[in-house]
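Heads up, the thing below is written out as structure tokens.
Count residues from 1 along the sequence. Reckoned from all heavy atoms, side chains included, excluding hydrogens, waters and symmetry mates.
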Amino acid sequence: MDCPYCSNKELKVTNKRESPDGIRRRRECLKCGKRFTTYEKISKEELYVIKKDGRRERFDRDKLERGINRAFEKRPVEKNKIDQMINEIEEQIRKRGKKEVKTSEIGELIMKKMKKIDHIAYIRFASVYRDFQDINDFKREIKEL
Ligand SMILES: [Zn+2]
């Protein structure tokens with residue numbers, strides 16, 4: 001990147017602010033001293049999920065919501081709280097600024113948050129996500145709570 005005023009290449013970042021939509025950087029030219037802002041936008045369409053078998057598909061928030069809502073079915077947890085959790089998860093994924101995320105990374109993120117909200121929902125989700133083979137897997141997971 002060059003300075004838009006004098007084309008000098010030596011720039012300093014004086015301030016950096018992250019948001020779910022992108023990263024704003026305040027830059028200062030080391031030659032002419034002028035300041036300007038750059039905005040690195042993370043397009044919502046550009047996030048891809050890499051599945052266990054290596055397949056790649058576009059990040060789908062509805063799918064994330066469905067999976068999470070299923071785990072919370074009939075649990076005494078406010079819808080608001082669940083929605084907030086989903087927002088936080090999406091934000092955390094996008095904030096990293098990468099274009100790809102592994103399903104395992106999303107899964108771990110979800111489980112970490114669920115564990116704090118509702119243990120039953122957590123076990124339900126973990127059983128599907130971790131593909132529990134038998135009752136001993138459940139027992140092990142419950143012991144860790
Ligand atoms: Zn300059």
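Between the NZ atom of Lys113 and the CD atom of Glu88 there is a distance of 4.0 Å, given to the nearest 0.5 Å. With rounding to the nearest 0.5 angstrom, the NZ atom of Lys34 is 8.0 Å from the SG atom of Cys6. Rounded to the nearest 0.5 Å, atoms CG (Asp118) and NZ (Lys81) are 9.0 Å apart. In this structure, CD1 in Ile110 is found 10.0 Å from OG1 in Thr103, a value given to the nearest 0.5 Å. One distance of note links CG of Leu11 with CG of Asp2; it measures 7.5 Å at 0.5 Å rounding. Between atom CG of residue Leu109 and atom CD of residue Glu105 there is a gap of 9.0 Å, rounded to the nearest 0.5 Å.
Here the side chains of Arg27 and Thr38 are in contact, with some heavy-atom distance below 4.5 Å. The side-chain heavy atoms of Leu64 and Phe59, taken from C-beta on, include a pair separated by under 4.5 Å. With a 4.5 Å cut-off on side-chain heavy atoms, Tyr48 and Val101 do not count as touching. Side-chain contact between His119 and Arg75: absent, with no pair of heavy atoms (C-beta onward) separated by less than 4.5 Å. The shortest distance between side-chain heavy atoms of Met114 and Arg124 does not fall below 4.5 Å.
Residue Ile50 is not grouped with residue Ile93 when hydrophobic side chains (ILVMFWY) are merged at heavy-atom distances under 4.5 angstrom, including chains of intermediate members. In the hydrophobic clustering of this structure, Met1 does not group with Ile23; members are Ile, Leu, Val, Met, Phe, Trp, Tyr whose side-chain heavy atoms approach within less than 4.5 Å, directly or through other members. In this structure, Ile120 is not a member of the same hydrophobic cluster as Ile82, with clusters built from ILVMFWY side-chain heavy atoms closer than 4.5 Å.
A salt bridge links Arg56 with Glu100: at least one charged nitrogen is closer than 4.0 Å to a carboxylate oxygen. A salt bridge links Glu57 and Lys63; the closest N-O separation between the charged side-chain nitrogens and carboxylate oxygens is under 4.0 Å. Ion pairing between a basic and an acidic side chain is recognised when a charged N comes within 4.0 Å of a carboxylate O; Glu65 and Arg70 show no such pairing. A salt bridge links Arg94 with Glu90: the closest approach of a Lys/Arg side-chain nitrogen to an acidic carboxylate oxygen falls below 4.0 angstrom. In summary, Asp62 and Arg66 do not engage in a salt bridge, as defined by a charged side-chain N under 4.0 Å from a carboxylate O.
Atom CZ of Arg24 has 12 or fewer heavy atoms from other residues, nucleotides or ligands within 6.0 Å. More than 12 heavy atoms of other shown residues, nucleotides or ligands fall within 6.0 angstrom of atom CZ in Arg61.
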Take Asp53 and Lys51, measure what salt bridge (Lys or Arg N to Asp or Glu O under 4.0 Å) needs, and give me the verdict at the end.
CA-CA 5 Å; Asp53 59 10; Lys51 308 186 119 190; over 6 Å; no
Carefully, step by step, assess Phe125 and Phe72 under the rule side-chain contact (heavy atoms from CB on, under 4.5 Å).
CA-CA 9 Å; Phe125 185 84; Phe72 278 107; over 6 Å; no
Residues Thr37, Arg25; criterion side-chain hydrogen bond (donor to acceptor under 3.5 Å, both in side chains); working and verdict:
CA-CA 6 Å; Thr37 303; Arg25 287 189 184 86; over 6 Å; no
Determine whether Lys99 and Leu47 satisfy the following criterion, side-chain contact (heavy atoms from CB on, under 4.5 Å), listing intermediate values before the conclusion.
CA-CA 5 Å; Lys99 286 186 178 164; Leu47 186 62; 5.7 Å; no
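Side-chain atoms of Tyr129 come within 3.5 Å of backbone atoms of Ser104 as a donor-acceptor pair (strictly under, hydrogens ignored). A donor-acceptor contact shorter than 3.5 Å links the side chain of Thr14 to the backbone of Arg26.
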